[in-house]
K.L.:
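Below is the structure I would like to discuss, written out as structure tokens.
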Amino acid sequence: MNLLEKLFSSDDFMPHGHCYLWEPSIVRLHVISDGLIAAAYLTIPVTLIYIARKRKDLPFDWIFACFSIFILACGASHALEIWTLWHPTYWLTGVVKAITATASLVTAGLLVKLIPQLLAIPSPSLLKERTAELSHVEREFRHTFEGAAVGIVHVDPAGPFLRVNPRFCEISGYSETELVGSPFSALAHPDDLAVELEGVRQLMSGEKSSFTMEKRLKKKKGGIIWIHLTASSVRGDDGSISYLAGFIEDISARKEAEETVRQSETRLRTLIESVKDYAIVSLDLEGHITSWNTGAGNIKGYTAQEIIGQHFSRFYPQEDIDRGKPDMELKMATEAGRFENENWRLRKDGTRFWANVIIAALRDESGHLYGYSKITRDMTERKRTEDEIEKLALVAKETDNAIVCTDSKGLIEWVNDGFTRLTGYALDEIKGRKPGSFLQGPKTSKETVRLLHERLVEARNVQVEILNYSKAGKEYWVSVRIQPVHDSAGQLKGFFAINADITQRLNDEKNERRTQRLESMGTLAGGVAHDLNNSLAPILMLCEVLRMKYPKDTAMIETVESSAQRGAGMVRQLLTFAKGSEGERISLDPGQMLRELENLMTSTFPKNIRLLVKQDASLPAVLGDPTQLHQVLLNLCVNARDAMPNGGTLTLKASFREIDAAFAASIPEAKPGRYVALRVQDSGTGIPASVLERIFDPFFTTKGPDKGTGLGLSTVIGIIRGHGGFMQVYSQPGEGTTFIAYLPINAAAVSAMQPAHETAKFHGDGGTILVVDDEPAVRMAASVVLQRLNFKVLTATDGEDGLVKVAQNKDLLVAIITDLHMPQMDGLAFVRALRHVLPEIPVIVASGRLEDSIAGDFKAMNVTARLDKPFTEAQLSAMLQGLLAPA
């Protein structure tokens, strides 16, 4: 208190108190005012310093410093005003004022420079606008942050999450509340944490502004997922790191796919390396080898070290390299994407192997070609097997035997051409069917069928002879041998059957048995005839005696004598049948025999039978018994008369025929040589097939007991055989019958004749001729002869089959030879249909008989060429020469 009193006492005032009039009240006023001003000045810098420290983001901090110095100086000058009232240190006051003046000048100067920036400070309305804009940007940022398709996190540099978006919560399985404030490392996989922390360290140190990595993330409910993390640092205005931003993408599906691909590639590499039978290599764009598997080494003999980097053309033979095949194959693979071929390739030791090669072009996702893959397989054994199979197939194709392959159920899978030729069935008609379903018929032995079925069920070998039926309905016999086929494991795969046509053999055996039977019966007939002669001779001798002794019983005696004479005639026929020709053999003119027979028949045969007699000019003579040969012709003519009860045409013809070996083989008992053919042809009722094979049997007859003995035809064939000849018969029910007796010509008479000039045989130029005939023997003989004449041959079993062959081969055919009488479609109907397809092709009609009316029908279709069966090679050659040789 004393101090205050002393301080404000006017007694102690300093001299400049004169300025205050030494008035204590004025002094007090100035002291109090200066004290208050000094205190206020001191408070203002403290406030400015506090604001500057708290708002480091505010600009103009240097202005704050200048204002603080200036205000402090001003406050100090006011404090000195009080001090100088008692202590007249005016120099100090001057210094302080000088400092204040300097600070004020500097501050004023800086403030002037700051005016533009101060003017740039937004007004409240502008500030409101900016605030609205900032709010909009913040909402957009929040929308983007919240709705982003990837996870977004903000992490404090110290480690905890600051904020997370919903997508990251979905990825991790945690809620936002659970994540915010927890360290990011808690979700990291231990194996990835070190790498992630190193990335954070680089961000914090400024070595990197961002980093990316693929890492594993632990989910809330267990399990691990793969994420792709992109992290960056976000810095404040002062350059310090405010937080770390992370962008997270769930790549688990991609990782699974990559792992699947990796495993597939691993398995593929393992598989490729484990493949021993395929050479699998990779090539670059120029064809150099870039990879080589174990199979490639096994097949080609090179190690990977020897071959990688080499050009793949070194596996090609030199002739292929000279032709540019390697480059050509790469080009084709490039253009088509894939090239496949089979050809010869080379091994390291120079040996060749047959290779199947596939070259594929390799392209990336954009379609850019980056190389080739090449797969090679050694097919040498397969080719050798195929070559052998091809040879076997050719044998199977060319053989006359019918070959059938079936599956294990007996269903047809394949047949050869021999089967089609024998049965008339093509593969596409019967594939998938059982042979027995269409080959067996009413006369097929059921016991044989049962045996076949039992053996096939047991998968055993079986061989039988069985009667089958062709597509045309014709019967034929085959010897069938069936062999089961098993695979390497012993499983039944199917059956292999070979069918040999034994129809001709059985017919030959039947003919042989019939001949033996006839010979036996002939021997028996000879003995019977001898005894009958001994019995009939007394009767005939006593008839005249009885007539003289009993003149009233002449009629009865004549009946006995007539019966005895008839019996004697039968005896003579039996003797002729038993012993053959026994009379004197002389040189006979066949034409004269026909003329004598013509005179006899003209006067004795019914008028409703038209008689035609024809003969070749300059016929050679035959050596024979005139009585017996007259009996032959007479018997045949009488049979012809009986076959035409309502009249018809009877044709007698004598012609010269030369039979060669090929045609003789198709005619029972025939031998090659020169013959005179005596033809007796009627237009009568014909003979059924069931009867035709027995007509030469002794005592067989279809006539009533009062019209025939059954010895006529057996006597005829006995006489002809006795003369060294043979017989042929052609007949169709309702179409008449033709008998042809072949008698060898008189060799002495021929030798005495002027030798005829032999015309050279005509040879074709390799063209194809179709032979249509229902007789296998005729087809076989015609094929042999035509092949000898340099023609290719196709055969058909009837007219329908012939039309099929014509449709399939019409561009190859040069001529057609057809039979007249055939089942299904005869020769006339066949030629009518043929003329619609091939109107100009030459046609030859081959028949045992051809009536004038039918000949006229053929002539109307421009078919005049005719061959009488059986014809010789020379006759066929001459006929073809006339049709095919250039004029």
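Numbers here are sequence positions counted from 1. Please read all numbers here as calculations on a predicted model, not as lab measurements.
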K.L.:
Do you know which two heavy atoms are closest between L652 and C637, and how far apart they sit?
P.N.:
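The answer is CD2-SG, 3.6 Å.
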
K.L.:
Decide side chain to side chain contact (heavy atoms under 4.5 Å, CB included) for Q728 and Y742; before the verdict, give the C-alpha distance in whole Å, the side-chain angles of both, and the deciding distance to 0.1 Å.
P.N.:
CA-CA 8 Å; Q728 279 287 99; Y742 293 87; 3.8 Å; yes

K.L.:
Can you tell if the side chain of I769 reaches within under 4.5 Å of the side chain of L794, non-hydrogen atoms only?
P.N.:
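No, too far: nothing below the 4.5 Å cut-off.
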
K.L.:
How far apart are the closest heavy atoms of S731 and T737, and which atoms are they?
P.N.:
OG-OG1, 2.8 Å

K.L.:
Of all residues at least two apart in sequence or in a different chain, which pass the side-chain hydrogen bond (donor to acceptor under 3.5 Å, both in side chains) check with S470?
P.N.:
none

K.L.:
Please report the shortest heavy-atom distance between V676 and P620, naming the atom on each side.
P.N.:
CG2-O, 3.7 Å

K.L.:
Would you say the side chain of L619 lies within less than 4.5 Å of the side chain of D616, judging by non-hydrogen atoms?
P.N.:
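Answer yes - side chains close enough.
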
K.L.:
For a 4.5 angstrom cut-off between non-hydrogen side-chain atoms, does L880 reach L786?
P.N.:
yes

K.L.:
Please enumerate all residues that pass ring pair (Phe, Tyr, Trp, His ring centres under 6.0 Å) together with Y675, with sequence neighbours excluded.
P.N.:
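Scan of Y675 (ring pair (Phe, Tyr, Trp, His ring centres under 6.0 Å), adjacent residues dropped) gives F726.
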
K.L.:
When you compare the side chain of V845 with that of V863, does any pair of heavy atoms fall below 4.5 Å?
P.N.:
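V863 reaches V845 side chain to side chain.
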
K.L.:
Nearest 0.5 Å, what's the CG-CD distance between L636 and Q631?
P.N.:
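Nearest 0.5 Å value for the CG-CD distance: 10.5 Å.
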
K.L.:
Identify, with sequence neighbours excluded, every residue that meets side-chain hydrogen bond (donor to acceptor under 3.5 Å, both in side chains) alongside K474.
P.N.:
none

K.L.:
Taking salt bridge (Lys or Arg N to Asp or Glu O under 4.0 Å) as the test, write out the residues that go with D801, two or more places apart.
P.N.:
K805

K.L.:
When you compare the side chain of Y730 with that of Q681, does any pair of heavy atoms fall below 4.5 Å?
P.N.:
no

K.L.:
Run the numbers on I745 and L623 for side chain to side chain contact (heavy atoms under 4.5 Å, CB included), then give the verdict.
P.N.:
CA-CA 7 Å; I745 64 175; L623 190 65; over 6 Å; no

K.L.:
Are any side-chain N or O atoms of R779 and backbone N or O atoms of V771, one a donor and one an acceptor, separated by less than 3.5 Å?
P.N.:
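No; judged by distance alone, with no hydrogens or angles, the pair does not exist.
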
K.L.:
Name all residues meeting the side-chain hydrogen bond (donor to acceptor under 3.5 Å, both in side chains) criterion together with R595; count only those two or more places apart in sequence or in a different chain, and write none if there are none.
P.N.:
Q592, Q615

K.L.:
Please examine the side chains of F858 and T864, heavy atoms only from C-beta on, and report whether any two atoms are closer than 4.5 Å.
P.N.:
no

K.L.:
Specify the closest pair of heavy atoms between Y476 and D501, including all atoms of both residues, with the distance to one decimal.
P.N.:
CB-OD1, 4.5 Å

K.L.:
Could you grab the distance from atom CG of L594 to atom CG of L678, nearest 0.5 Å is fine?
P.N.:
6.0 Å

K.L.:
Does either side chain, that of S587 or that of N746, offer a donor lying less than 3.5 Å from an acceptor on the other one?
P.N.:
yes

K.L.:
If I take atom CD1 from residue I844 and atom CG from residue D819, how far apart are they, to the nearest 0.5 angstrom?
P.N.:
13.5 Å

K.L.:
Quick check for you: to the nearest 0.5 Å, what is the distance between S618 atom OG and F656 atom CZ?
P.N.:
11.5 Å

K.L.:
Given side chains that start at C-beta, do those of L633 and M593 come closer than 4.5 Å, heavy atoms only?
P.N.:
yes

K.L.:
The test is side chain to side chain contact (heavy atoms under 4.5 Å, CB included); show your working for R610 and L650 and say whether it passes.
P.N.:
CA-CA 6 Å; R610 180 188 176 200; L650 175 59; over 6 Å; no

K.L.:
In sequence, state the C-alpha distance, the side-chain angles, and the governing distance for V772 and D798, and then conclude on side chain to side chain contact (heavy atoms under 4.5 Å, CB included).
P.N.:
CA-CA 6 Å; V772 185; D798 56 30; 5.5 Å; no

K.L.:
Output yes when a side-chain donor or acceptor of Y469 lies under 3.5 Å from a complementary backbone atom of T444, and no otherwise.
P.N.:
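Between the backbone of T444 and the side chain of Y469 there is no qualifying donor-acceptor contact (under 3.5 Å).
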
K.L.:
Would the distance check show the side chain of H763 and the main-chain N or O of S877 forming a donor-acceptor pair, the cut-off being under 3.5 Å?
P.N.:
no

K.L.:
Restricting to non-hydrogen atoms, name the atom on W477 and the atom on T503 that form the minimum distance, rounded to 0.1 Å.
P.N.:
N-OG1, 2.8 Å

K.L.:
Compare every heavy atom of D826 with every heavy atom of L820, then report the nearest pair and how far apart it is.
P.N.:
O-CB, 3.2 Å

K.L.:
Does K859 have any side-chain hydrogen bond (donor to acceptor under 3.5 Å, both in side chains) partners at least two apart in sequence or in another chain, and if so, which?
P.N.:
none

K.L.:
Looking at side-chain heavy atoms only, is the closest gap between L467 and E475 below 4.5 Å?
P.N.:
yes

K.L.:
Rounded at 0.5 Å granularity, tell me how far OG1 in T649 sits from CG in L611.
P.N.:
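Reported value, rounded in 0.5 Å steps: 9.5 Å.
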
K.L.:
Working to the nearest 0.5 angstrom, can you tell me the gap between T797 OG1 and R421 CZ?
P.N.:
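If I round to the nearest 0.5 Å, the distance is 12.5 Å.
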
